[in-house]
Engineer: 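Supplied in structure tokens, the structure appears directly below.
Quick note: numbers below take in every heavy atom, side chains included, and nothing from hydrogens, waters or symmetry partners. The chains referred to below are lettered A, B, ... by the order of the sequence lines, with proteins before strands, and numbering in each begins at 1.
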Protein chains: 2
Amino acid sequence: MPRAGLSPAAVVDHALELIDAQGPEGLTLAAVAGRAGVATPSLYKHVTGGLAELRRLIAVRVTEELAERLAESVLGRSRDEAMTALLNAYLDYAEQHPRRYAALPQAPDPDPDLTRAAARLVGVIIAVLNGYGLTGEESVHAARTVRSTAHGFASLSAGGAFRLAADLTVTRQRVIRVVVEGLRAWPEAG
Amino acid sequence: MPRAGLSPAAVVDHALELIDAQGPEGLTLAAVAGRAGVATPSLYKHVTGGLAELRRLIAVRVTEELAERLAESVLGRSRDEAMTALLNAYLDYAEQHPRRYAALPQAPDPDPDLTRAAARLVGVIIAVLNGYGLTGEESVHAARTVRSTAHGFASLSAGGAFRLAADLTVTRQRVIRVVVEGLRAWPEAG
DNA sequence: CCATAAAGCTAAGGCTAATAGCCTTAGCCG
DNA sequence: CGGCTAAGGCTATTAGCCTTAGCTTTATGG
């Protein structure tokens, strides 16, 4: 039994490959172990909490990846340009990794790591909103609006909920337009 | 072994009670059978396809319930008033039945019944959009925008993703405002 | 060179879904 | 009224999964 050189991060890597290939339903410890070339119980040496913790780690990883994409997208931009880039980055990520995006739990239980990753993501959005003159509570409402729209479109399109023939890229432009116009016309923005 | 008076619909009823009480994760045939006062395999007499079909039936039922709420909400209203009522009805449903809403599968596999229920829901939205002068492909883009925003806000708030203290009812007003303003200013609307 | 901690393994228990085959109930028809 | 049939129960069984327990091997540092 040679060592497999595993680590918590490596286990998550294998799990993400599995999710990309088979969707979140296909995520089992048995399958991850198979990919890692290890017996199922051996995974517990790296992921103490078993399947529940693995899912948690996956959520953290995906959220971090997404936050990183968003942060990169707004570099050197502001206001409409930044918001457009941010929304495109968000939707690009979901489009390029639909199953990974779908692996984000709908109702994650509280977790410091996930909270931290989500806070970074929200921080990027808030920073853009500051450029619209939005601060304090009002910026929180605006950030929720941005997240709602982005997540809704990402989730529905990744799930194949848009069945009609109309071009999705056009829909994306319309959605982005609505959000950007909404921010320009925000009650307390300028 | 007295008869339990089950039917596919009754099994779905029990399943929905279970989901309301424990969330979608708690949905198992064993638990449903327990509630119905029946042994697990007996459920297959009413739901031939087992757990997979039960989930499908639940998705259809919830989508129908939601579509019904939306249809009622817009009766006798048009344009901004109708769209505001529709969005409020959508978000009310998700707020009153968060686990039921979360039970909607992220990536449902194609199914005639679900397609029909979803088509009715979309039909209600399209009808409201017609009042804005939106028709054809453009109304499809607008309907997707409405669904994205509603689903995103419903999904995130039901999942507890909005952790900051800001009042959710205010966020809801802001979101509705953005959508309504977006429709008023739609490229081809009036 | 050996001690020890980390990382692997097998074995076993418990839960679930699903299938197969049998029995009982309810209702209908002669 | 008797009995047939179909529907709706049941138990038993299989297969797959997660998880824990306890043993064994590997790698490493003194």
Engineer: Decide side-chain hydrogen bond (donor to acceptor under 3.5 Å, both in side chains) for B:H46 and B:S7; before the verdict, give the C-alpha distance in whole Å, the side-chain angles of both, and the deciding distance to 0.1 Å.
Structural biologist: CA-CA 6 Å; B:H46 306 282; B:S7 66; over 6 Å; no
Engineer: Rounded to whole Å, please give me the gap between CG in B:L54 and P in C:dA18.
Structural biologist: 10 Å
Engineer: Regarding A:D20 and A:R100, does a basic nitrogen lie under 4.0 Å from an acidic carboxylate oxygen?
Structural biologist: yes
Engineer: One thing to verify: whether A:R172 and A:D167 come together as a salt bridge, which I'm taking to mean a side-chain N less than 4.0 angstrom from a carboxylate O.
Structural biologist: no
Engineer: Centre of A:Y132's six-membered ring, under 6.0 Å away, within 45 degrees of the axis: is that where NZ or CZ of A:R79 sits?
Structural biologist: yes
Engineer: Roughly how many Å is it from NZ in A:K45 to C1' in C:dT10, rounded to a whole number?
Structural biologist: 13 Å
Engineer: At a cut-off of 3.5 Å, list every protein nitrogen or oxygen paired with a nitrogen or oxygen from nucleotides 17-19 of chain D, distance to 0.1 Å.
Structural biologist:
residue: D:dC18; atom: OP1; partner: A:L29; partner atom: N; Å: 2.6
residue: D:dC18; atom: OP2; partner: A:L29; partner atom: N; Å: 3.3
residue: D:dC18; atom: OP2; partner: A:A30; partner atom: N; Å: 3.0
residue: D:dT19; atom: OP2; partner: A:Y44; partner atom: OH; Å: 2.7
residue: D:dT19; atom: OP2; partner: A:L51; partner atom: N; Å: 2.9
residue: D:dT19; atom: O5'; partner: A:Y44; partner atom: OH; Å: 2.9

Engineer: Between A:R116 and A:D111, does at least one N-O distance fall below 4.0 Å, as a salt bridge requires?
Structural biologist: no
Engineer: Does the distance from a Lys or Arg side-chain N to an Asp or Glu carboxylate O, for A:E68 and A:R120, drop under 4.0 Å?
Structural biologist: yes
Engineer: Tell me whether the OP1 or OP2 atom of D:dA7 has a side-chain N or O from B:H46 closer than 4.0 Å.
Structural biologist: no
Engineer: Verify the contact: side-chain N or O of B:S42 to OP1 or OP2 of D:dG8, cut-off strictly under 4.0 Å; return yes or no.
Structural biologist: no
